[in-house]
Amino acid sequence: MLPGSSGPSPVRADDLKSGALVQPFGPVLDGHRYHLVHLEGAAAREEIAALRGWLSATMSGGRSRKPR
């Protein structure tokens, strides 16, 4: 199963069964977690704040969320 999917598509399921495609890691957990990594002190930069805001809005389906 790929991140963001509810299960293997029919094409991927066939490839998984045949061994043409393998799942390299354990089971995919429900939910998603993303981390924006930057140099120390860079969070104050306008372009980093803008990117963080855009990512947060995009990942929450348009609902703004404060980063943890």
Side-chain angles (χ1 to χ4, degrees):
M1 198 162 57
L2 296 176
S5 68
S6 59
S9 75
V11 173
R12 289 189 304 245
D14 290 344
D15 289 339
L16 286 168
K17 286 179 188 173
S18 74
L21 182 64
V22 297
Q23 183 174 346
F25 305 103
V28 177
L29 304 176
D30 290 336
H32 303 282
R33 185 168 293 210
Y34 299 93
H35 300 274
L36 176 61
V37 179
H38 52 73
L39 295 174
E40 187 174 345
R45 291 176 42 192
E46 184 178 331
E47 60 271 26
I48 300 295
L51 176 61
R52 184 178 59 240
W54 176 80
L55 286 170
S56 181
T58 300
M59 295 296 124
S60 65
R63 299 178 309 276
S64 274
R65 265 183 40 205
K66 285 187 175 182
R68 293 183 195 186

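Reckoned from all heavy atoms, side chains included, excluding hydrogens, waters and symmetry mates. Because the structure is predicted, anything quoted here is derived from the model rather than measured.
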What pairs of residues pass the side chain to side chain donor-acceptor pair (under 3.5 Å) test when at least one of them lies in residues 36-46, not counting sequence neighbours? Arg45-Glu47
Shared hydrophobic cluster, Ile48 / Leu39 (ILVMFWY, side-chain heavy atoms < 4.5 Å): no
If I compare all heavy atoms of Leu51 with all of Leu36, which pair ends up nearest, and what's the gap? CD2-CD1, 4.1 Å
